[in-house]
Each structure stands twice: as structure tokens, then as C-alpha cells.
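Written below as C-alpha cells is the structure these notes are about.
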Amino acid sequence: MNRVPWPSFSYYGPSPSRPGSVEIFGFYGHPEGWGSGIAQALMTVTLDGIRSAGSGHVHLWTLRDTPQSHRFYAKSGFTRSGTVRTYDYGDGNPLHQVEYELTL
């Protein structure tokens, strides 16, 4: 088995806000792996899994002020939906997020 030298993962499931759609709840690649192609490979596997499950639409939320993630999602075929939200992960520090979506 080949092991990736940097931790990376994605997880997704039925969208709680968009019936019939899948939401990518988490997508992470360790910064030491940035530029190596691991994130694009992970996105390919993620979208293949969503397609094989029969979903035709996927969306995700990312921080508003992270241009690198915006470029990555756009490169992966996602577009901004125009929806924004403020989300609090429970620490009392709400974060501004933007939504990206993709029709498969």
C-alpha cells in the first residue's frame, strides 16, 4: 500500500439544507502537500464517489477570506452560488463562509 506523506481527507453526505444534493462537509490537505497534486487527486476521488452514489449536485462551504481555497474549488469546476453565511463552530467566534456548488 502506498502512503501519502501528508494527511488528507474528505467527507461528505446528504445535504441537510438541499434535499437531493450532497454536501462536502470537510476537505483537507496538509499545507506541506500543497502544490503536490494531492488535493486535486482527493477531489477527483471524492467527486467520483458522489457520482457513483447517484447524486447529480454537490455543494460545500469555505471560509470567505481564503483565496487559495476559492481558486482550488473554481479549478475543480465549482462556482460560487452567491449564498453566504456566518457559522459558529461552538467557540463563540462566528466565521464568514461562502458556498460553492457543482452539477455533476
- request: Kindly indicate, with the supporting measurements, whether the criterion side-chain contact (heavy atoms from CB on, under 4.5 Å) is fulfilled by S8 and H30.
  value: CA-CA 6 Å; S8 58; H30 193 279; over 6 Å; no
query: So F78 and M43, side-chain contact (heavy atoms from CB on, under 4.5 Å) or not? Walk me through it.
result: CA-CA 11 Å; F78 287 81; M43 181 58 76; 4.0 Å; yes
query: Would N93 and D88 satisfy side-chain contact (heavy atoms from CB on, under 4.5 Å), going step by step from the backbone distance to the final call?
result: CA-CA 6 Å; N93 296 306; D88 187 335; 5.8 Å; no
field: Trace of the side-chain contact (heavy atoms from CB on, under 4.5 Å) decision for Y87 with H96
entry: CA-CA 6 Å; Y87 191 81; H96 302 288; over 6 Å; no
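Remark: R80 does not engage E101 in a salt bridge, criterion side-chain N to carboxylate O under 4.0 Å. Of the charged side-chain nitrogens involved, at least one lies within less than 4.0 Å of a carboxylate oxygen, so that R18 and E99 count as a salt-bridged pair.
Between H70 and Y100, the ring planes are perpendicular. Angles over 60° get that label, and only those under 30° would be called parallel.
Side-chain atoms of S15 do not come within 3.5 Å of backbone N or O of S21 as any donor-acceptor pair. The backbone N or O of R51 lies less than 3.5 Å from no partner atom in the side chain of S55, so there is not a single donor-acceptor pair. Side-chain atoms of S81 come within 3.5 Å of backbone N or O of T83 as a donor-acceptor pair.
Note: Q97 CD to T66 OG1 = 9.5 Å, rounded to the nearest 0.5 Å.
You'll find the side chain of S76 reaches within 4.5 Å of the side chain of Q40, heavy atoms only. I24 places a side-chain heavy atom less than 4.5 Å from the side chain of T46. Here the side chains of Y73 and L102 are not in contact, with every heavy-atom distance at 4.5 Å or above. In this structure, W61 and E23 have side chains that are in contact, with non-hydrogen atoms separated by less than 4.5 Å. Between L95 and L63, the closest side-chain pair of non-hydrogen atoms falls below 4.5 Å.
Aromatic ring centres of Y12 and F27 lie farther apart than the 6.0 Å criterion allows.
There is no path of hydrophobic side-chain contacts, each under 4.5 Å, that joins I38 to Y28. One hydrophobic cluster holds both L42 and L104 under the rule that ILVMFWY side chains link at heavy-atom gaps under 4.5 Å.
Nearest heavy-atom pair, W34 versus G29, reported as atom, atom and distance to 0.1 Å: NE1-O, 3.1 Å. The nearest pair of heavy atoms linking P19 to S17 is CD-O, 3.7 Å.
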